[in-house]
Amino acid sequence: MFLGQVCGTVVADHKLAELEGASFRVVLPVHEAGKPTGTHIVAVDNIASRNGDLVYLVKGKEAIIPWQKTDLAPIDAAIVGLVDGMERA
């Protein structure tokens, strides 16, 4: 898992049937202090996030797990949680 800040929405009127109903968000990966750690990615939004939200995501084969409509959708990244706060031990 990794952190990211939601910074946009992707609108796709035409998509594969396996992705019907999916919302796509543009996310900038960040570390815990909020500094960017990579380039923007597009992720399936499983939590109805909004612009500016700090979220946590998964990439790779694990990204399909939250998408319960099918096991065969071409999903590379997924937003799986909203960060309410963080504390380092």
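No experiment lies behind these values; they were computed from the predicted model shown. We're numbering straight along the sequence, starting at 1.
Looking at every heavy atom in both residues, Pro66 comes nearest to Ala63 through CD-O, 3.3 Å. Summarising the geometry of Gln5 relative to Gly52, their closest heavy-atom pair is NE2-O, 3.5 Å, with the distance given to 0.1 Å. Of all heavy-atom pairs between Pro29 and Thr39, the closest is CD-O, 3.2 Å. The two atoms that bring Ala78 and Asn46 nearest to each other are CB-ND2, 3.5 Å, heavy atoms only. Listed here is the closest heavy atom pair of Val44 and Ala22: CG1-CB, 4.4 Å. In terms of heavy atoms, Phe2 sits closest to Val58 at CE2-C, 4.2 Å.
Note on Val80 and Val26: separate hydrophobic clusters, where clusters join Ile, Leu, Val, Met, Phe, Trp and Tyr whose side-chain heavy atoms are under 4.5 Å apart, directly or indirectly. In the hydrophobic clustering of this structure, Met1 does not group with Val55; members are Ile, Leu, Val, Met, Phe, Trp, Tyr whose side-chain heavy atoms approach within less than 4.5 Å, directly or through other members. Both Leu82 and Leu57 are members of a single hydrophobic cluster when ILVMFWY side chains are connected at heavy-atom separations under 4.5 Å. Note: the hydrophobic cluster containing Val10 also contains Ile64 (ILVMFWY, side chain heavy atoms under 4.5 Å, direct or indirect links). The hydrophobic cluster containing Tyr56 does not contain Val27, counting ILVMFWY residues as joined when their side-chain heavy atoms lie under 4.5 angstrom apart, directly or transitively.
Counting heavy atoms of neighbouring residues, nucleotides and ligands inside a 6.0 Å radius, atom CE of Met86 exceeds 12 of them. The environment of Asn51 atom CG is dense: over 12 non-hydrogen atoms of other residues, nucleotides or ligands sit within 6.0 angstrom.
Between the CD1 atom of Ile47 and the OG atom of Ser23 there is a distance of 11.0 Å, given to the nearest 0.5 Å. Expressed to the nearest 0.5 Å, how far CG of Asp53 lies from CD1 of Ile79 amounts to 8.5 Å. If you take CZ on Arg25 and CZ on Arg50, they are separated by 9.5 Å, rounding to the nearest 0.5 Å.
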*asked:* With side-chain contact (heavy atoms from CB on, under 4.5 Å) as the criterion, how do Asp45 and Val6 come out once you've worked through the C-alpha distance, each side chain's angles and the decisive distance to 0.1 Å?
replied: CA-CA 10 Å; Asp45 186 359; Val6 177; over 6 Å; no
*Take Leu3 and Thr37 through the side-chain contact (heavy atoms from CB on, under 4.5 Å) test and state the conclusion after the steps.*
CA-CA 9 Å; Leu3 297 172; Thr37 61; over 6 Å; no
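Looking at Asp76 and Ile41, their side chains never come closer than 4.5 Å, going by heavy atoms from C-beta outward.
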